[in-house]
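Notes to accompany the following structure.
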Amino acid sequence: MDLSAFDLKGKVALITGGAHGIGFSIAEGMAKCGATVCFNCSNEGSLEKGLAAYKAAGIDAHGYVADVTDEAAVNAMIAQIKADVGPVDILVNNAGITRDSLMLRMKEEDWDAVLNTNLKSAFNTVKALQRVLMKSPAGRIINMSSVIGLVGNIGQANYAASKAGLIGFTKSLAQEFAPRKVTCNAIAPGFISTEMSNAIPDNLKEEIVKKIPLKEQGSVEDIAALTAFLASDDARYITGQVIACDGGMTM
């Protein structure tokens, strides 16, 4: 997918959870648009794999190990990024996990883990970067929600709550930061082809695709293109929006 139309030259982007999957594709797309890419992951093993993947793609990415649920760890990461490449202009809150279970069987630790990783992490990164973003000539915050945050799903009460929480967080930040020309938007991916979705049995995958008006799965490149657009100057007048990239699933 050609992203050359979106000029991100001279901008520094931080993508949380950017070592693989959708996060990696977002970072790869922004690098193709000229941005300096930074990503975080939770452990050294993921960092090594992520850096190797970026190198194979011809991208000089900057990787950091940080627990985004921990405020001190996030603050330390942001300070290191500033020392390494300069202040962040674009923040993509992509870090996320699932701990699926019916509510009758859901454990408190599974609820807390998902809410902390998917929602509190966004609070921590925005809190650490808010003044930096307000000084940027084109500050951008992009939060990765989900169609599950719009419609819910059986066995995913914790995940749905975290992704719906990101939507409310996005709309509030958009209002607070608008006077400083910082935009804040959310993306709600639908049934996207990833390692997780590809593990679903083919017969079940076919049933899901039948319910999508466009009759196909989306790709990580679809999410990357939308993210690059929202991060660019072309989207300067878009803020407080939740854009479902889902082939029509939720319309």
Report yes or no: do [X] and [Y] belong to one cluster of Ile/Leu/Val/Met/Phe/Trp/Tyr joined by side chain heavy-atom distances under 4.5 Å?
X      : Y      : answer
Met134 : Val88  : yes
Ile90  : Val182 : no
Leu226 : Phe191 : no
Ile167 : Val151 : yes
Met106 : Leu115 : yes

Grab the two heavy atoms, one from [X] and one from [Y], that are nearest each other, plus how far apart they are.
X      : Y      : answer
Ala160 : Gly152 : CB-CA, 4.1 Å
Lys82  : Pro87  : CG-N, 4.3 Å
Asn143 : Ala122 : OD1-CB, 4.5 Å
Phe6   : Cys33  : O-CB, 3.0 Å
Gly190 : Asp246 : CA-CB, 3.7 Å
Asn93  : Ser121 : OD1-O, 4.4 Å

Can you tell me how far the [atom1] atom of [X] sits from the [atom2] atom of [Y], to the nearest 0.5 Å?
X      : Y      : atom1 : atom2 : answer
Arg180 : Gln130 : CZ    : CD    : 11.0 Å
Asp100 : Arg105 : CG    : CZ    : 12.0 Å
Phe39  : Ser46  : CZ    : OG    : 9.0 Å
Ser232 : Lys9   : OG    : NZ    : 12.0 Å
Glu48  : Asn43  : CD    : CG    : 9.5 Å
Ser146 : Leu166 : OG    : CG    : 10.0 Å

Ser193 and Asn198 side chains, donor-acceptor separation under 3.5 Å: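 The criterion, which ignores hydrogens and geometry beyond distance, is satisfied for Ser193 and Asn198.
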Check: Asn124/Glu71 side-chain N/O donor and acceptor closer than 3.5 Å: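 No, no side-chain donor-acceptor pair sits under 3.5 Å.
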Exam field: side chain [X] to backbone [Y], donor-acceptor pair closer than 3.5 Å:
X      : Y      : value
Asp70  : Ala73  : yes
Ser42  : Asp67  : no
Ser25  : Val220 : yes
Asp89  : Ala138 : no
Gln241 : Thr239 : yes
Ser162 : Tyr159 : yes

With a 4.5 Å limit on heavy-atom distance, are the side chains of [X] and [Y] in contact?
X      : Y      : result
Phe229 : Ile243 : no
Thr183 : Ile238 : no
Asn75  : Lys127 : no
Ile187 : Thr227 : yes
Leu230 : Arg140 : no
Ile26  : Met144 : yes
Asn40  : Thr125 : no
Cys184 : Phe177 : no

[X] atom [atom1]: more than 12 heavy-atom contacts under 6.0 Å:
X      : atom1 : result
Lys49  : NZ    : no
Glu195 : CD    : no
Met103 : CE    : no

Ile97 and Val114: CA distance, side-chain angles, deciding distance, side chain to side chain contact (heavy atoms under 4.5 Å, CB included) verdict: CA-CA 6 Å; Ile97 62 170; Val114 171; 4.2 Å; yes
Side chain to side chain contact (heavy atoms under 4.5 Å, CB included) evaluation trace for Leu47 with Tyr64: CA-CA 7 Å; Leu47 178 64; Tyr64 302 86; 5.9 Å; no
Evaluation steps, side chain to side chain contact (heavy atoms under 4.5 Å, CB included), between Lys205 and Gln217: CA-CA 9 Å; Lys205 193 183 302 183; Gln217 275 188 275; 3.5 Å; yes
Listed partners of Asn116 passing side-chain contact (heavy atoms from CB on, under 4.5 Å), at least two apart: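 For Asn116 the side-chain contact (heavy atoms from CB on, under 4.5 Å) partners, ignoring immediate neighbours, are Thr69, Asp112, Lys120.
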Derivation and outcome, side chain to side chain contact (heavy atoms under 4.5 Å, CB included), residues Phe123 and Leu173: CA-CA 10 Å; Phe123 167 81; Leu173 292 183; over 6 Å; no
Shared-cluster residues of Leu102, by chain and number - hydrophobic side chains joined below 4.5 Å: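 Listed partners: Ile154.
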Could you go through residues 10-23 and list every donor-acceptor pair under 3.5 Å that involves a side-chain atom there, pairing it with any protein atom two or more places apart or in another chain?
residue, atom, partner, partner atom, Å
Lys11, NZ, Asp233, OD1, 3.0
Thr16, OG1, Asn94, N, 2.9
Thr16, OG1, Ala95, N, 2.9

